There are 2 protein chains.
Amino acid sequence: MSRPPRARASVLDAFEDLLVESGERAATMDAIAKAAGVSKGGLLYHYASKEALETALLERLDELVEADIARIEQAPEGSVAYFLRSSVLHDDPLDRAIIATSRLAQGGSAHAGAALRSIRERWEATIRPHVRDRVTLELVMLVSDGLYFNNTLDDQSVPGPVPTGEALDALIALVEATVRP
Amino acid sequence: MSRPPRARASVLDAFEDLLVESGERAATMDAIAKAAGVSKGGLLYHYASKEALETALLERLDELVEADIARIEQAPEGSVAYFLRSSVLHDDPLDRAIIATSRLAQGGSAHAGAALRSIRERWEATIRPHVRDRVTLELVMLVSDGLYFNNTLDDQSVPGPVPTGEALDALIALVEATVRP
DNA sequence: GTCTATATACAGATAGAC
DNA sequence: GTCTATCTGTATATAGAC
């Protein structure tokens, strides 16, 4: 755990980037090695197989989610507002890890699918105390899922259909007014 | 168009099934041929390439969406309620086509991604007259997206986190009360 | 720790018989 | 229209030098 080699992290970054930017088909061992600036042999010294790389991505995701949940609970603007607002961000490490994992899940990885379900449960448990009842909890979760889903479909050129700026503020205000306990 | 050979349709069905049940990695030409009960050569007589198969799936999706939009507009229970309820179904042809297309989009297919964005725009235009304003329209669309997203992650064994039965009725009632013009 | 070279498997696609 | 056999490219992974 201590002092992990620089190359190891940059290989994982390259894997994640390729998944996010170009999809699972593009994330081959060759492409990952090239993007990370190492040879295929070098890559395989750090991660002995593609499955090892996927496992490492899932572990990174898990750590990022843990930190995110702490932030949700302490957010000054309120947990629901913070949770929804953070569902629409694009380029922070957590969102990239989620989108990458989502690509793997849709490709057929059962582990990745299970990881996403587990994250959703942890978020749900965190939000539960801050809403009125079961139904309003569903509403918050589904709006968040919807925001994430649109993130995953975003292509870098076209702006996504998801609200930003004042439209996002208005959406959050609407949801908060509806779900407040 | 008239009297399309039975085998042609069953090849497309097999492609869709493999995408939905097992993800894009599993949907190889070999696996598709086997599932459809034809040889690889037989498959390639009907669809000369994998891209042709993807194009056919997108065309099927387009037709199903067209029919769906007509149903949304005429639904006796109201367009918003019908739209949300139909977002949670699992085994109708439209949902399977959407999930299959979603797998291709996450795999990296730009065409599939564009098709999903186009569907979303058509739905949005259909729902627009039935809600109060821009913000409530966003809310309905995002809840629908959230329901679909959870569908795509559902694994066949575990029941998904998405509401059914009375919980779904309550959710729909909540959203309708919030967005009604 | 990182490299080159190579083994093995499997993908998509072609050729041509029936 | 459907088949078998085969070509070609490319994916993951191994072996072993440096």
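Quantities reported herein were computed from a predicted structural model and do not represent experimental measurements. Throughout, protein chains are lettered first and strands after them, A, B, ... in sequence-line order, and every chain is numbered starting at 1.
- Sorted by first and then second residue, the pairs that involve residues 45-84 of chain A and meet ring pair (Phe, Tyr, Trp, His ring centres under 6.0 Å), not counting sequence neighbours, are A:Phe83-A:Trp123.
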Counting primed atoms, P, OP1 and OP2 as sugar-phosphate and everything else as base, the B/S/- map of nucleotides 13-18 of chain C against protein heavy atoms under 4.0 Å is BB----

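- Distance CZ (A:Arg25) to P (D:dG9): 18 Å, rounded to an integer number of Å.
- Among residues at least two apart or in separate chains, side chain to side chain donor-acceptor pair (under 3.5 Å) pairs with a member in residues 167-180 of chain B are B:Arg85-B:Asp169.
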List the steps, then state whether salt bridge (charged side-chain N to carboxylate O under 4.0 Å, His left out) holds for B:Arg96 with B:Glu21. CA-CA 10 Å; B:Arg96 293 184 75 78; B:Glu21 311 299 343; 2.8 Å; yes

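- Not a single side chain to side chain donor-acceptor pair (under 3.5 Å) links A:Glu138 to another residue, sequence neighbours left out.
- For the pair B:Glu24 CD and C:dA11 C1', the computed distance is 12 Å after rounding to whole Å.
- Every residue two or more places apart in sequence or in another chain that forms a side chain to side chain contact (heavy atoms under 4.5 Å, CB included) with A:Asp30 is listed here: A:Thr28, A:Lys40.
- The separation between A:Tyr47 atom OH and D:dA11 atom P is 21 Å, rounded to whole Å.
- For residues 121-130 of chain B, the salt bridge (Lys or Arg N to Asp or Glu O under 4.0 Å) pairs, not counting sequence neighbours, are B:Asp62-B:Arg122, B:Glu66-B:Arg122, B:Arg120-B:Glu124, B:Glu124-B:Arg128.
- Contact annotation: A:Tyr45 side-chain N/O to C:dG1 OP1/OP2 distance is under 4.0 Å.
- Heavy atoms of B:Ser39 sit under 4.0 angstrom from at least one base atom.
- A straight line from CD1 of A:Ile32 to P of D:dT10 spans 17 Å, rounded to a whole angstrom.
- Candidate nucleotides C:dT2, D:dT2, C:dG12 were compared by shortest atom distance to the side chain of A:His46, and C:dT2 ranks first.
- Looking at heavy-atom distances under 4.0 Å, A:Asp30 makes contact with a base.
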